[in-house]
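Inspection log for the structure reproduced underneath, given as structure tokens.
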There are 2 protein chains.
Amino acid sequence: MQHDFARRSNRDRTEATRAHLIAAARKLFTEKSYSETGTPEIVAAAGVTRGALYHHFADKQALFAAVVEQEAAAVAEEIERASPPSLFAHDALIAGSDAYLAAMRAPGRTRLLLLDGPAVLGRAAMDAIDNRHGNRSLREGLVAAMRAQTMTRLPADALTALLASAFDRAALAIEAGASAEDYRAVLMALIDGLSRAPHPAPRPVRTR
Amino acid sequence: MQHDFARRSNRDRTEATRAHLIAAARKLFTEKSYSETGTPEIVAAAGVTRGALYHHFADKQALFAAVVEQEAAAVAEEIERASPPSLFAHDALIAGSDAYLAAMRAPGRTRLLLLDGPAVLGRAAMDAIDNRHGNRSLREGLVAAMRAQTMTRLPADALTALLASAFDRAALAIEAGASAEDYRAVLMALIDGLSRAPHPAPRPVRTR
DNA sequence: GTGTTGCATACATGCAGCCTGTATGTTAAT
DNA sequence: ATTAACATACAGGCTGCATGTATGCAACAC
């Protein structure tokens, strides 16, 4: 027997176990809620024991953070796929907005990323995750629009955070059954309200 | 002895005990977090036993809901005090915005109302509370501005929710140490972006 | 008016079940 | 042989409920 199937390298074992745990936790955290999901349930779904969990993660929160990170990355990837950099700034913003709202329709994502995430990890940690993933492209789009003079010049970080929060709230409302058209219309009106005529700059505008 | 001090009517006892429990819970929920605060700690601070708690409240969540409700009412009251109905719609919006941001500087309020509240009670229940208190005046202000033709006409519920979420996020960012001026500037820009010249309408503006 | 009787309210105490984190033991990789 | 990757057992704490007790309260008798 040259190679035994049960014989795996430690690196593979770690990788597989972590992946199983994250996948099982993701499923449960999106179906129920963080506090309603116990570690016994998670490890049962992952086919391991609680010993494995606490070997790979410091605590339940750390596992949750890993799930959130992965899910935020998935959302960001869906957005970037929908808004290629070839588009003009304004069009890319629109495309990205719709992609975000579509991505957040995945069951349980809003609770995971928008309710439990901030409450369990704190707004600061959640901001760090968002800035590594989703908000990054939003911020870049806004800065591009401001540089192209098609948008009122404003503090980029604050503008990004506030627009992102409006998108978040829209996703929550839509999942709760509100009119997607209404919320989309308001989001677009907010963006358009910050927009200005593209090239000619009709009259000198005060920069600050 | 006409009246015995130890002798209280049942109604008084109930009122006092509930008030003590809510006050103690409010203090702890604003200092720590919902999940980090145990019922033994709450009842100790309130000077009663867990039996009293579970006699007056269905569970820990119900007590939390009562605290949130009270705190939301307090915030709403601060706002209404700062934005009397005598002001013009736009000015009332600005005054109300500043009053909200000031009210949310009370220690722990952002976590209670903006992080734990939605996560523990759910966005739907939280919306119901907000609509009974703070959001009410915001919505009325927006509707007034739209009726006065000084603001783009948009679905009122969606607009209220999205602007409110932007205010919430601003309050969180400011508490986290971000520049209050930056966030205030962006909030004003968002509102101004939706505003239009009051009476003469200098040049025709595209409605949509 | 006063005393008594019966019931509901307002708790206090103790218990059962669950969950989290850790410490210890065991097997397999290196 | 040493270390990593687990499995198992344990300790502490917390929530919700069930049971017990004292007090308020209303009605009726006298």
* Asked: Expressed in angstrom and rounded to an integer, what is the separation of A:Q61 atom CD from C:dC19 atom P?
  -> 18 Å

* Asked: To the nearest Å, how far apart are B:F64 CZ and D:dG16 P?
  -> 14 Å

* To do: Determine, step by step, whether A:V75 and A:R109 satisfy the side-chain contact (heavy atoms from CB on, under 4.5 Å) criterion, reporting the C-alpha distance in whole Å, the side-chain angles of both residues, the deciding distance to 0.1 Å, and the verdict.
  => CA-CA 9 Å; A:V75 170; A:R109 258 190 189 161; 3.9 Å; yes

* **Whole-Å gap separating P (C:dG21) and CD (B:E36)** => 12 Å

* In whole Å, what is the span from the CD1 atom of A:I42 to the P atom of C:dG21? -> 11 Å

* Asked: Are the charged groups of B:E71 and B:R111 less than 4.0 angstrom apart, N to O?
  -> no

* In terms of side-chain heavy atoms, does B:D168 have a donor or acceptor partner in B:Y100 at a distance below 3.5 Å? -> yes

Would you tabulate the pairs of protein nitrogen or oxygen atoms and nucleotide nitrogen or oxygen atoms of nucleotides 12-15 of chain D closer than 3.5 angstrom?
| from | atom 1 | to | atom 2 | distance (Å) |
| --- | --- | --- | --- | --- |
| D:dT15 | OP1 | B:T39 | N | 3.2 |
| D:dT15 | OP1 | B:K60 | NZ | 3.4 |
| D:dT15 | OP2 | B:T39 | N | 3.1 |
| D:dT15 | OP2 | B:T39 | OG1 | 2.4 |

* Check every atom of D:dA5, C:dA12, C:dT9 against the side chain of B:H55 and return the nucleotide holding the closest atom. => C:dT9

* Asked: When you check the gap from the basic side-chain N to the acidic O, do B:R169 and A:D127 get nearer than 4.0 Å?
  -> yes

* Asked: Over how many whole Å does the gap from A:R11 atom CZ to D:dA5 atom P extend?
  -> 11 Å

* To do: Report yes or no: is the cationic atom of B:K60 (NZ for Lys, CZ for Arg) under 6.0 Å from the centre of the six-membered ring of B:Y54, at an angle within 45° of the ring normal?
  => no

* To do: Return the residues of residues 13-30 of chain A meeting this criterion: a heavy atom under 4.0 Å from some atom of DNA chain D. Order them by number, or give none.
  => A:R13, A:T14, A:T17

* So B:F64 and B:F29, would you call those rings parallel, tilted or perpendicular, with 30° and 60° as cut-offs? -> perpendicular

* Do the charged groups of A:K32 and A:D116 touch, with an N to O distance under 4.0 Å? -> no

* Among side-chain atoms of A:E175 and A:T110, is any donor-acceptor pair under 3.5 angstrom? -> yes

